[in-house]
Novice: 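First the structure, which I've put down as structure tokens, then a few questions once you've had a look.
Computed from a predicted model, the values in this text were never measured in an experiment. When reading the values below, keep in mind they use all heavy atoms of this one structure, side chains included, and skip hydrogens, waters and symmetry mates.
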Amino acid sequence: MSMITATAWVPRGFAAPFPTKYTFDEDEFARIAELAKIQLDDANEDLEDARKEAADSNGAEDMKEEDGSDDEAPSKTLKSKADEDDDLQEYDLEHYDDDVEKDKEDEGMGMGMFGNVKSLAYHASNEDDPYITMKENEEEDEDREELQILATDNLLLAAKVEDEVAHLEVYVYEDEADNLYVHHDIMLPAIPLCVEWLDLPVGKSNVEKDSRANFVAVGTFDPDIEIWDLDTIDCMYPNAILGQGGDTGSDGLKKKEKKKKKKSKKANVEFHVDAVLSLAANRHHRNLLASSSADKTVKLWDLNTTKCAKSYTHHTDKVCSIAWHPKESTVLLSGSYDRTVVAADMRAPDAKVPSWGVESDVETVRWDPHDPNFFYISTENGIIHYHDVRKAPASPAASKPVWILQAHDESVSAFDINPVIPGFMATGSTDKQVKLWNIQPSGPSMVVSRDLDVGKVFSTVFAPDEEVGFRLAVAGSKGMMQIWDTSTNPAVRRAFASRVAPVEGEIKERLVGVGEDSSESEEEEGGVETGEANGGEGWESMDED
């Protein structure tokens, strides 16, 4: 089984040109040893509890069995003891130490553990050792070159499950070279459900307040949120953990009471107790991260302290999607399986909040980046709702959208609004189709529909930079990532002609991807990159005029 559940772009210029390899120094060793000790203590206490329970339940039976075997037990014990003595006699273990001492005298002290160290050739530098043919500098230079990320590259993050192993793949996308490849990956503790890029260093001391960074927050089926540094490769543990398994100090270590507390399953104001379904970083207040969970709560985290600052219970079912208002930096939009969407001011947790209702479970909520007075809702029934936030209904049942669109016959499991090109919308569905839409004052019209061979579509995300504004990352149940340059599609060029540079002659549609198996033939890989493997010119019959 292989699938990509969520993706996120990293804007250009944030990734370190030369990511550093993980350094296992004394401080890091102490941090990991403490974390490992905490986990080991937890496991030992769980094991001890299980043994006590088993002993209590089986105590009476054990006593009964011992009483019934009193006549037999002594003779069995004596017999086995006699057998053991006979077996050991042939080894003459009583005189073993005498033989060892004699061997030492015969061989002399030169055969000790370090007795022959003087005979070893020692070189002050590896460069002087004739047996080392590849010099250190050459090896380091090659590694650096392989890991280099250019200022014109984008990083693309993919939360992936492959053969029951969960990890985060970090791709590099080279637009001009039509190249997409996995740069490195990060192992995760459970199936990932959401990822959010962060530009703030988390869990690092001696960092300036306004410094930029390249981090990622990951939500999984576990209630804890892990935060990783994308510029450090081969890390063993996350830089910080938000939740009950996280830390309460600046050193990244969890402060634990001597007596272990059983993990709570009841929703509370300090941490999530169920799967984390959505994450949203506040781009105005960079230290704030919002999260929503299957425990029906929305939580606001302070990344400077890695503690929960506030908890909100505006919904009565799982909260599956959240989004910060682009301008009003304290207003958060949240959508739930209770079929409502709430726009709440995080400064007033107890205030009555405006709420909108939809016909089925909410899948995604998004603000319109080009007119923040409006927002979108996608639902399980394949419908898109477009609402004016200034016209809040008296009750969710009285909601009146500006327009409503039946985008797919199945769930709209993936949805995005282009941040660079106004009116450009992408939807993806469990029906395996990706659709592009042109939103005009009269409403949306479909531009093109595609099956990009990613299986059920779980993620469609537009690139954040103007230079690659038409690039759409698509991923799904087949575990494959595809980058679709939508500007190479004739129907898209017609719909957004004012935003696309005119080009003479025929344009070949461009789709860049990484195959599941790196050993695929060059011919197969070439087909994926040019788009021919997915239909080539035959796609044009699906375009809308």
Novice: State, yes or no, whether a side-chain contact exists between P238 and W228 at a heavy-atom distance under 4.5 Å.
Specialist: yes
Novice: Any donor-acceptor pair under 3.5 Å linking the side chain of S293 with the backbone of V276?
Specialist: no
Novice: Using side-chain heavy atoms (C-beta onward) and a distance below 4.5 Å, is L157 in contact with V170?
Specialist: yes
Novice: H285: which residues meet the side chain to side chain donor-acceptor pair (under 3.5 Å) condition with it, sequence neighbours left out?
Specialist: S329
Novice: Of all heavy-atom pairs between V341 and G335, which one has the smallest distance, and what is that distance?
Specialist: CG2-CA, 4.1 Å
Novice: Indicate yes or no for a side-chain donor-acceptor contact from S321 to the backbone of V365 under 3.5 Å, with no hydrogens or angles considered.
Specialist: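 Yes, S321 side chain to V365 backbone: donor-acceptor pair under 3.5 Å.
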Novice: Look only at the side chain of N381 and the backbone of S360, and say whether a donor-acceptor pair between them is shorter than 3.5 Å.
Specialist: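 No; judged by distance alone, with no hydrogens or angles, the pair does not exist.
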Novice: Considering all heavy atoms of both residues, which atom of S445 and which atom of Q440 are nearest to each other, and what is their separation?
Specialist: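 Closest heavy-atom pair between S445 and Q440: OG-OE1, 4.3 Å.
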Novice: Using a 3.5 Å distance criterion without hydrogens, assess whether the side chain of W197 forms a donor-acceptor pair with backbone atoms of A8.
Specialist: no
Novice: Has E164 got more than 12 heavy atoms of other residues, nucleotides or ligands less than 6.0 Å from its CD?
Specialist: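 Open.
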Novice: Say you draw a straight line from CG of D231 to CG of N214; how long is it, rounded to the nearest 0.5 Å?
Specialist: 4.5 Å
Novice: Check the pair W301 / I227 against side-chain contact (heavy atoms from CB on, under 4.5 Å), numbers first and verdict last.
Specialist: CA-CA 12 Å; W301 302 89; I227 297 180; over 6 Å; no
Novice: Indicate the ring-plane relationship of Y181 and H183, choosing parallel, tilted or perpendicular according to the 30° and 60° boundaries.
Specialist: tilted
Novice: Is it true that a side-chain atom of E363 and a backbone atom of G382 form a donor plus acceptor pair closer than 3.5 Å?
Specialist: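 Judged by distance alone, no pair lies under 3.5 Å.
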Novice: If you look at every heavy atom in L180 and G513, which pair is closest and at what distance?
Specialist: CD2-CA, 4.1 Å
Novice: Can you find a pair of side-chain heavy atoms, one from S487 and one from R499, that are under 4.5 Å apart?
Specialist: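 S487 does not reach R499 side chain to side chain.
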Novice: Could you verify whether a donor N or O on one side chain and an acceptor N or O on the other, from K435 and S449, lie under 3.5 Å apart?
Specialist: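 Their side chains do not contain a donor-acceptor pair, so the 3.5 Å distance test is not met.
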Novice: Please examine the side chains of T364 and V412, heavy atoms only from C-beta on, and report whether any two atoms are closer than 4.5 Å.
Specialist: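 A side-chain contact under 4.5 Å is absent here.
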Novice: Apply the side-chain hydrogen bond (donor to acceptor under 3.5 Å, both in side chains) test between R471 and each candidate in D175, N154, T486; give the one that qualifies.
Specialist: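 That would be D175.
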Novice: Taking atom types as modelled and ignoring hydrogens, do the side chains of S399 and H387 form a donor-acceptor contact shorter than 3.5 angstrom?
Specialist: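 No pair is found: no donor N or O on one side chain lies under 3.5 Å from an acceptor on the other.
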Novice: Is it true that a side-chain atom of W324 and a backbone atom of A280 form a donor plus acceptor pair closer than 3.5 Å?
Specialist: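 Here the side-chain-to-backbone pair exists.
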Novice: With rounding to the nearest 0.5 angstrom, report the CG to CE distance, L436 to M446.
Specialist: 9.0 Å
Novice: Applying salt bridge (charged side-chain N to carboxylate O under 4.0 Å, His left out) to R12 and D153, what does each step give before you reach the verdict?
Specialist: CA-CA 6 Å; R12 293 182 174 189; D153 294 341; over 6 Å; no
Novice: Calculate, to the nearest 0.5 Å, the distance between atoms CG and CE belonging to L156 and M481 respectively.
Specialist: 4.0 Å
Novice: Under 4.0 Å between a Lys/Arg side-chain N and an Asp/Glu carboxylate O for R493 and E509?
Specialist: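 Result for this pair is no, no salt bridge flagged.
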Novice: Using a strict cut-off of less than 4.0 Å between a Lys/Arg side-chain nitrogen and an Asp/Glu carboxylate oxygen, indicate whether D317 and K296 qualify as a salt bridge.
Specialist: no
Novice: Would you say the side-chain atoms of S429 pair up with the backbone N or O of S411, donor to acceptor, closer than 3.5 Å?
Specialist: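 Yes.
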Novice: With a 4.5 Å limit on heavy-atom distance, are the side chains of S291 and L242 in contact?
Specialist: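 Counting from C-beta outward, S291 and L242 never come under 4.5 Å.
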Novice: Using only atom types and a distance under 3.5 Å, with no angle test, would you say the side chain of T316 pairs donor to acceptor with the backbone of D338?
Specialist: no
Novice: Taking all non-hydrogen atoms of both residues, which atom of L193 and which atom of A6 are closest, and how far apart?
Specialist: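 Minimum heavy-atom separation between L193 and A6: O-CB, 3.8 Å.
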Novice: Please say whether more than 12 non-hydrogen atoms of neighbouring residues, nucleotides or ligands are located less than 6.0 Å from CG in N373.
Specialist: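 Yes, CG of N373 has more than 12 neighbouring heavy atoms, counting only those of other groups under 6.0 Å.
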Novice: Is it true that the side chains of D416 and T460 contain a donor and an acceptor less than 3.5 Å apart?
Specialist: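 D416 vs T460: no donor-acceptor pair found between side chains.
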Novice: Can you tell if the side chain of P393 reaches within under 4.5 Å of the side chain of K400, non-hydrogen atoms only?
Specialist: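 A side-chain contact under 4.5 Å is absent here.
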Novice: If you look at every heavy atom in A463 and P419, which pair is closest and at what distance?
Specialist: O-CG, 3.9 Å
Novice: Output the distance between atom CG (L277) and atom SG (C320), rounded to the nearest 0.5 Å.
Specialist: 7.0 Å
Novice: Angle class for the W356/F375 ring planes (parallel below 30°, perpendicular above 60°, tilted otherwise)?
Specialist: perpendicular
Novice: If every non-hydrogen atom of L289 is compared with every non-hydrogen atom of A217, which pair is closest and at what distance?
Specialist: CD2-CB, 4.0 Å
Novice: Quickly, which of I383, D431, V434 forms a side chain to side chain contact (heavy atoms under 4.5 Å, CB included) with H408? Name it, please.
Specialist: D431
Novice: Distance from S334 atom OG to H314 atom NE2, nearest 0.5 Å?
Specialist: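 Spacing of OG (S334) from NE2 (H314) equals 7.5 Å.
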Novice: Is it true that W484 and Q482 share a donor-acceptor pair across their side chains at a distance under 3.5 Å?
Specialist: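 No, no side-chain donor-acceptor contact under 3.5 Å.
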Novice: Quick one: does E359's side chain get under 4.5 Å of H385's, heavy atoms only?
Specialist: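 They are in side-chain contact.
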Novice: For V165, is there any backbone N or O sitting under 3.5 Å from a side-chain donor or acceptor partner on D163?
Specialist: no
Novice: Could you walk me through whether H315 and Y337 pass the side-chain contact (heavy atoms from CB on, under 4.5 Å) check?
Specialist: CA-CA 9 Å; H315 296 281; Y337 287 178; over 6 Å; no
Novice: Roughly how far apart are H284 NE2 and E328 CD, rounded to 0.5 Å?
Specialist: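 So the gap between those two atoms works out to 9.0 Å.
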Novice: Can you tell me if R347 and T330 form a side-chain donor-acceptor pair at under 3.5 Å?
Specialist: yes
Novice: Parallel, tilted or perpendicular: which fits the ring planes of F470 and F424, with parallel below 30° and perpendicular above 60°?
Specialist: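 Aromatic pair F470/F424 classed tilted.
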Novice: Does some side-chain heavy atom of W403 sit less than 4.5 Å from a side-chain heavy atom of I384?
Specialist: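 Contact flag for I384/W403 side chains = yes.
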Novice: Does the pair Y312 and V342 meet the rule for a side-chain contact (heavy atoms from CB on, under 4.5 Å), with working shown?
Specialist: CA-CA 11 Å; Y312 307 85; V342 166; over 6 Å; no
Novice: Kindly say whether I421 contributes a backbone atom to a donor-acceptor pair with the side chain of N418 at under 3.5 angstrom?
Specialist: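 Yes; judged by distance alone, with no hydrogens or angles, the pair exists.
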